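See structure below.
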Amino acid sequence: MALNTSPEAPIPVGQVSRLIGGWIDRLGAVWVEGQITQLSRRPGAGVVFLTLRDPSHDISLSVTCYRAVFDRIADVVSEGARVVVHAKPEWYAPRGSLSLRATEIKPVGVGELLARLEQLKKSLAAEGLFAVERKRPLPFLPQLIGLVCGRASAAERDVLENARHRWPAVRFEVRNVPVQGVHAVPGVVAAIEELDAAPDVDVIIVARGGGSVEDLLPFSDEQLVRTVAACRTPLVSAIGHEPDSPLLDLVADLRASTPTDAAKRVVPDVGEELTRVGQLRERALRCVTAHLDREERGLAAARARPCMERPQRMVDEREEQISALAERGRRTLGHLLDRADSELAHTRARVVALSPAATLRRGYAVLQHADGSVVRDAGEVTPEEELRARVAEGEFTVRAVAAPPAVTPPA
């Protein structure tokens with residue numbers, strides 16, 4: 001229920017604290033899971049103080065319990081262990097602090113952790129975070145490698161030494177973070193996000209040495225897995241040894257069995273590359289030499305052909321053919337002209353023989369009236385009519401006379 005307060009009518013701090021305590025007292029007991037970050041067992045004290053932290057978030061709560069409650073699990077629980085606590089929220093009014101009063105504490109066993117990881121693995125796989133098509137190829141020769149590892153750890157030394165041995169010019173951007181315990185997940189997540197945001201980083205390696213299942217739990221955290229899935233930069237997981245397989249291995253673009261293997265997979269070996277370059281150069285030289293030899297043989301074969309040894313031979317052969325064809329054409333044309341001349345002579349002789357002039361040369365004459373018409377019948381001529389007579393060598397005028405009486409031949 002809201003309180004009616006104002007600057008003129010405030011309520012005391014003690015009353016506010018008592019009200020908060022009253023509201024919290026109404027809450028029932030709850031089961032809470034977390035990781036013990038601080039454990040205080042003072043000799044002779046009847047109360048044990050714990051700090052319970054959420055491994056995936058920077059949130060923690062104070063927990064108190066009677067010594068008898070904690071003694072039941074004191075041999076199997078220490079700082080960094082995961083526990084399930086049955087507790088009731090309590091408000092300490094004098095200091096205004098909230099804590100949990102535990103009545104029962106249970107350690108989370110390895111089997112239970114593995115079962116939860118398997119369930120989380122199936123859930124993330126169903127979302128497609130482990131799909132092969134999401135994997136990105138690593139750059140052939142990264143110029144700058146981001147490395148997330150523990151400070152002064154063997155994993156850091158293995159990655160740096162092996163990478164620089166293989167390619168001395170390689171550069172690293174190292175982020176030292178806690179790799180186990182309650183601060184591991186936020187530290188690794190922040191380092192990955194920072195390196196992923198750097199434009200010069202070509203690939204990121206997350207490396208850690210081997211350890212127990214509990215030690216490697218941060219690398220199976222859901223928040224870390226989703227952060228890696230959202231990375232734009234290719235990421236290599238190099239956690240533990242060959243048998244270790246946290247969920248980070250499944251979401252990473254490449255899983256390396258060890259930190260040393262990660263260095264070998266990310267950085268090419270300069271000696272091997274020089275050898276490969278030498279082999280490729282020799283192969284290229286052999287290919288070019290073989291191609292030149294083949295072309296030289298082809299050129300020699302082409303030059304050995306008769307047409308290439310004596311290029312004018314082709315011209316001479318064509319000249320002879322052209323001369324023969326020209327001579328044949330001349331002979332054919334001469335024959336055609338001779339035949340045409342003979343036919344023309346025969347035709348001319350026939351025309352001359354059949355012409356009127358030839359008839360006149362044989363002694364005939366052509367009589368024409370004054371108007372130029374030819375006399376074809378004697379009845380067409382009147383007595384005393386002047387006619388023109390055309391002979392072979394000219395013409396002259398004649399006069400028609402009456403025809404003598406016809407003489408009847410004797411019977």
Side-chain angles (χ1 to χ4, degrees), residues 140 273-411:
F140 168 70
E273 297 305 319
L274 288 175
T275 302
R276 186 177 292 109
V277 170
Q279 293 174 349
L280 292 175
R281 291 180 61 185
E282 293 178 359
R283 181 180 176 184
L285 181 60
R286 290 196 300 270
C287 291
V288 172
T289 303
H291 181 72
L292 292 176
D293 292 341
R294 183 169 60 254
E295 295 301 320
E296 287 181 354
R297 290 194 297 271
L299 181 60
R303 293 179 60 187
R305 294 178 181 177
C307 61
M308 297 298 293
E309 289 184 343
R310 291 180 55 214
Q312 69 277 8
R313 179 179 178 181
M314 184 182 297
V315 178
D316 295 341
E317 291 178 354
R318 295 295 182 267
E319 182 181 10
E320 294 176 0
Q321 293 177 1
I322 292 173
S323 299
L325 291 175
E327 182 62 26
R328 180 180 176 184
R330 284 193 292 269
R331 290 197 303 270
T332 302
L333 181 61
H335 293 160
L336 293 176
L337 292 176
D338 292 343
R339 184 184 303 169
D341 184 66
S342 177
E343 292 177 354
L344 181 62
H346 292 159
T347 302
R348 184 171 179 277
R350 291 174 61 189
V351 170
V352 170
L354 297 177
S355 67
T359 302
L360 294 178
R361 287 192 189 94
R362 291 198 296 271
Y364 293 94
V366 179
L367 296 177
Q368 293 176 308
H369 292 285
D371 58 2
S373 59
V374 177
V375 178
R376 292 183 174 82
D377 188 357
E380 297 177 359
V381 181
T382 59
E384 299 301 326
E385 181 183 358
E386 289 186 357
L387 301 173
R388 189 172 56 181
R390 289 186 62 186
V391 293
E393 299 299 334
E395 62 181 28
F396 55 88
T397 303
V398 296
R399 186 184 299 276
V401 296
V407 179
T408 302

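Please read all numbers here as calculations on a predicted model, not as lab measurements. As a basis for the values below, the full set of heavy atoms in this structure was taken, side chains included, without hydrogen atoms, waters or symmetry mates.
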Roughly how far apart are [X] [atom1] and [Y] [atom2], rounded to 0.5 Å?
X	Y	atom1	atom2	answer
E282	L280	CD	CG	9.5 Å
R281	L285	CZ	CG	9.0 Å
R388	D371	CZ	CG	9.5 Å
L387	H369	CG	NE2	6.5 Å

Which atom pairs, donor and acceptor, lie under 3.5 Å between side-chain atoms of residues 320-329 and protein residues at least two apart or in another chain?
residue, atom, partner, partner atom, Å
S323, OG, E319, O, 2.9
E327, OE1, R330, NE, 3.4
E327, OE1, R330, NH2, 2.7

- prompt: Among all residues two or more places apart in sequence or in another chain, which pass the side chain to side chain donor-acceptor pair (under 3.5 Å) test with R297?
  reply: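 Here no residue qualifies.
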
Donor-acceptor list for residues 337-347 side chains, cut-off 3.5 Å, not counting sequence neighbours:
residue, atom, partner, partner atom, Å
T347, OG1, E343, O, 2.8

message: Quick check on R348: does its CZ atom have over 12 non-hydrogen neighbours (other residues, nucleotides or ligands) under 6.0 Å away?
response: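 Open.
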
